[in-house]
Undergrad: 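Next up is a structure, given as structure tokens.
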Amino acid sequence: AQSVTQLDSQVPVFEEAPVELRCNYSSSVSVYLFWYVQYPNQGLQLLLKYLSGSTLVESINGFEAEFNKSQTSFHLRKPSVHISDTAEYFCAVILNTGGFKTIFGAGTRLFVKA
Amino acid sequence: DTEVTQTPKHLVMGMTNKKSLKCEQHMGHRAMYWYKQKAKKPPELMFVYSYEKLSINESVPSRFSPECPNSSLLNLHLHALQPEDSALYLCASSQGTGGTQDTQYFGPGTRLTVL
């Protein structure tokens, strides 16, 4: 069965420090990978996605994620976080066999402290 | 433009009320979704419409009734809800052609409270 594991439920970090949010997936078929961010009392916003090509993908606000097929991982990183990055981050996959189901991880709460 | 809009932002209803949630997108997407999200949890899929036809119903109780009047609109009709149905209801859309086109774009959600 397919699954997505986000190992850390909460990640506290000081402002301007680097951060890594971990995501591992399990699937018997190829997948497309996504990171969504949810700010308090808001919907989910697409942060970045890996569909094919370069395994390193970047977002416009400084986050990047690297697809590692051998380790079945898609960790999210940022070299220097801001207070405004405080949010819930969800890793998700869609199977490339088609269909409409997105499998979400449980989420990681990033808390940036001053 | 990757905007999905939802109304209302907040809704409080009694267990005997009938209300509706509305979702709209103008991206030409042909798949639209309803999700339910409880606090500190990921979204749970409820329904998927593809080309205005119900494609997936994740065994949702009949007190939730989806409707897709046209390719841009998606409604969720609510009747005789229970307090445990209180949650954030999220709408999403995608191109709906399968594969790489199925990146989902989410609306801001409706915060529903059932008294």
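Here is how names work: the chains are called A, B, and so on, in the same order as the sequence lines, proteins then strands, and each is numbered from 1. Predicted, not measured: the structure shown is a model, and the values here were computed from it.
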Undergrad: Heavy atoms only, distances under 4.5 angstrom: which of B:A31, B:C91, B:P108, B:S55 has the most pairs with chain A? Name it, please.
TA: B:P108
Undergrad: Relative to chain A, which segment of B:E44 carries a heavy atom at a distance below 4.5 Å: side chain, backbone, both, or neither?
TA: neither
Undergrad: Kindly check if the number of other-residue, nucleotide or ligand heavy atoms within 6.0 Å of CD (A:Q10) is above 12?
TA: no
Undergrad: Would you give the length of the straight line joining atom OH of B:Y35 to atom OG1 of A:T102, rounded to the nearest 0.5 angstrom?
TA: 4.0 Å
Undergrad: Heavy-atom distances under 4.5 Å only: say whether A:E88 touches chain B with side chain, backbone, both or neither.
TA: neither
Undergrad: Do A:V29 and A:I103 land in one hydrophobic cluster if side-chain heavy atoms of ILVMFWY residues count as linked below 4.5 Å?
TA: yes
Undergrad: Quick check on the hydrophobic clustering: are A:W35 and A:V37 connected, directly or via other members, by side-chain heavy-atom contacts under 4.5 Å?
TA: yes
Undergrad: If you take all heavy atoms of B:Q104 and A:Y36, which pair is closest and at what distance?
TA: O-OH, 2.8 Å
Undergrad: Where on B:E58 is there a heavy atom nearer than 4.5 Å to chain A: the side chain, the backbone, both, or neither?
TA: side chain
Undergrad: About how many Å separate OG1 of B:T103 and NZ of A:K49, when rounded to the nearest 0.5 Å?
TA: 3.5 Å
Undergrad: Applying the 4.5 Å side-chain criterion to the ILVMFWY set and letting contacts propagate, would B:W34 and B:L73 be lumped into a single cluster?
TA: no
Undergrad: Indicate the atoms forming the closest heavy-atom contact of A:G105 with B:P42, along with that distance.
TA: O-CB, 3.2 Å
Undergrad: Within a reach of under 6.0 Å around NZ of B:K18, are more than 12 heavy atoms found that belong to other residues, nucleotides or ligands?
TA: no
Undergrad: Find out if a path of hydrophobic residues (ILVMFWY) with successive side-chain heavy-atom gaps under 4.5 Å connects A:V11 to A:I83.
TA: yes
Undergrad: If hydrophobic clusters are built from ILVMFWY residues whose side chains come within less than 4.5 Å, do B:L45 and B:L76 share one?
TA: no
Undergrad: Taking atom NZ of B:K9 and atom CG of A:N41, what is their separation to the nearest 0.5 Å?
TA: 11.0 Å
Undergrad: Considering only heavy atoms, which portion of A:Q38 lies under 4.5 Å from any heavy atom of chain B: side chain, backbone, both, or neither?
TA: side chain
Undergrad: How long is the span from the CD atom in A:Q42 to the CG atom in B:L88, to the nearest 0.5 Å?
TA: 10.5 Å
Undergrad: Side chain, backbone, both or neither: which part of A:L46 has a heavy atom under 4.5 Å from chain B?
TA: side chain
Undergrad: Assess whether atom CD1 of A:I60 is packed by more than 12 heavy atoms of other residues, nucleotides or ligands within 6.0 Å.
TA: no
Undergrad: Could you pull out the closest heavy-atom pair between A:F104 and B:P43, with the gap in Å?
TA: CD1-O, 4.0 Å
Undergrad: Less than 4.5 Å apart, side chain to side chain, heavy atoms only: is that true for B:K40 and A:R109?
TA: no
Undergrad: NZ of B:K41: more than 12 outside heavy atoms within 6.0 angstrom?
TA: no
